[in-house]
Amino acid sequence: MLTRNPDQPGYFLQFASDNSAGICPEALEAFNRANAGFAASYGNDESTAEVCKSLRRLFDADAEIFFVFNGTAANSTALASLCQSYQAVICSDIAHVETDECGAPEFFSNGSKLLSSPSRQGKLTSNGVLDVITRRTDVHYPRPKVVTLTQSTELGTVYQTGEISGIAKVAREHGLKVHMDGARFANAIAALNVSPAEITWKAGVDVLCFGGTKMGLPIGEAIVFFDRRLGEEFAYRCKQAGQLASKMRFLSAPWLSMIRDNVWLTHASHANAMARQLADKIARISGAELLLPTQANGVFVNLPPHARERLQAKGWAFYTFIGGGARFMCSWATKEAAIEHLAHDIEQSVSC
Ligand SMILES: *Cc1c(COP(=O)(O)O)cnc(C)c1O
């Protein structure tokens with residue numbers, strides 16, 4: 001018989017987002033270690049220098065790297081640095097920048113318009129991007145200057161390397177830069193058998209917002225400019241946007257513990273495996289229908305309204321405003337027992 005963990009109320013029930021999990025032990029240990037004594041502020045400390053060095057090694061690139069507080073700030077300031085206010089950013093119609101950032105990309109870029117392209121299972125297509133680029137060339141329409149794609153996507157799917165390089169090729173041919181929203185970059189790398197370099201700069205990505213929060217850090221994301229020139233004045237933009245942490249070591253140091261021994265990939269692989277298990281169990285439940293392929297750490301399922309209500313009444317937390325169904329997100333902290341328990345309750349809830 002499955003029971004809830006009495007020491008951790010709600011522990012089993014939380015599938016709303018991967019950011020509902022806590023800090024993973026390795027990151028917490030590094031965070032505490034960074035707390036010893038004094039350190040130079042505003043990123044001039046040793047931990048920050050060391051993390052930047054190890055991220056450069058990880059990506060095999062002499063990248064310019066910055067740390068900010070969250071993903072909205074990372075995306076918005078990075079995109080703003082890539083275009084003028086009269087230029088535009090092409091994104092998928094379900095992109096986080098389009099639907100979940102409260103206009104921050106437009107705000108930080110002083111008005112650069114987001115132009116959306118229909119997504120196919122969460123992904124942009126090179127034809128879709130080309131359509132937007134060539135739609136208009138007159139002065140009355142904002143000029144596309146950046147393509148942004150999300151890896152892994154908002155719908156739990158993953159771009160293959162060829163899909164990214166195809167989009168980047170179209171972008172480059174028309175003078176556009178490529179930005180990657182990597183809030184769940186770790187889950188994508190864990191799902192694909194590729195190196196971080198292959199799926200980013202080698203595939204044509206100019207700037208990556210590398211998500212830390214959802215993979216187990218206490219807070220913060222890294223912005224990686226593979227083309228250093230694009231990041232030249234970014235420090236000023238960060239400061240102006242209120243994104244320059246004075247105690248930077250607490251944003252940066254936890255990254256070290258994640259990169260070391262590939263801890264980030266171990267955790268992300270676990271999250272992906274939990275999602276896979278849940279998807280496999282749901283596939284066997286009649287009355288519950290998987291809406292999308294489960295390629296990373298999210299499971300999207302069509303449940304009848306009465307089932308959603310029953311699950312929520314039992315305390316299960318999940319979103320229903322993304323992807324047209326119920327979204328269950330797994331994280332580094334998701335336990336196998338919780339997956340069994342959830343699948344059991346889903347089965348019960350769909351039956352009349
Ligand atoms: C979570 C998420 C972000 C970052 O969101 P914040 O709440 O601002 O940290 C960005 N993009 C995607 C696709 C996300 O899922």
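Counting convention: from 1, in listed order, for ligands and their atoms alike.
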Identify all side-chain donor-acceptor contacts of residues 292-300 below 3.5 Å with residues at least two apart in sequence or on another chain.
unit_1, atom_1, unit_2, atom_2, d
Gln295, OE1, Val158, N, 2.7
Asn297, ND2, Asp18, OD2, 2.9
Asn297, ND2, Cys330, O, 2.9

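- Aromatic ring centres of Phe318 and Phe328 lie closer together than 6.0 Å.
- Within ligand 1, the atoms closer than 4.0 Å to a non-hydrogen atom of Ala183 are 2 (C), 3 (C), 10 (C), 11 (N), 12 (C), 14 (C), numbered from 1 in the order shown.
- Residues Ile167 and Val178 fail the side-chain proximity criterion, which asks for heavy atoms closer than 4.5 Å.
- Thr72 OG1, 4.4 Å is the protein heavy atom nearest to atom 7 (O) of ligand 1.
- A distance of 8.5 Å separates CG in Leu176 from CZ in Arg143, rounded to the nearest 0.5 Å.
- Here His174 contributes atom NE2 and Ile90 contributes atom CD1; the two are 9.5 Å apart, rounded to the nearest 0.5 Å.
- Between Arg276 and Asp280, at least one side-chain N (NZ, or NE/NH1/NH2) sits under 4.0 Å from a carboxylate O, which counts as a salt bridge.
- Close approach of ligand 1 to Asn70 (heavy-atom distance below 4.0 Å) involves ligand atoms 8 (O), 9 (O).
- The shell of residues lying under 4.0 angstrom from ligand 1, judged by heavy atoms, excludes Glu221.
- Atoms of ligand 1 found under 4.0 Å from any heavy atom of Thr150 (numbered from 1 in listed order, with element): 13 (C).
- Those atoms of ligand 1 with a heavy atom of Arg184 less than 4.0 angstrom away are 15 (O).
- Judged by distance alone, with hydrogens and angles left aside, the side-chain atoms of Ser112 form a donor-acceptor pair with the main-chain N or O of Gln84 at under 3.5 Å.
- Here Asp100 has no heavy atoms under 4.0 Å from ligand 1, in either its backbone or its side chain.
- Heavy-atom separations between Thr213 and ligand 1 are all 4.0 Å or longer.
- For atom 11 (N) of ligand 1, the nearest protein heavy atom (residue, atom name, distance) is Asp181 OD2, 2.6 Å.
- If you check which protein heavy atom lies closest to atom 5 (O) of ligand 1, you get His96 CE1, 3.5 Å.
- The protein heavy-atom contact nearest to atom 14 (C) of ligand 1 is Lys214 NZ, 2.8 Å.
- With hydrogens left out, the protein atom closest to atom 9 (O) of ligand 1 is Gly71 N, 2.9 Å, a heavy atom.
- No donor-acceptor contact under 3.5 angstrom links the side chains of Asn70 and Thr72, judged on distance only.
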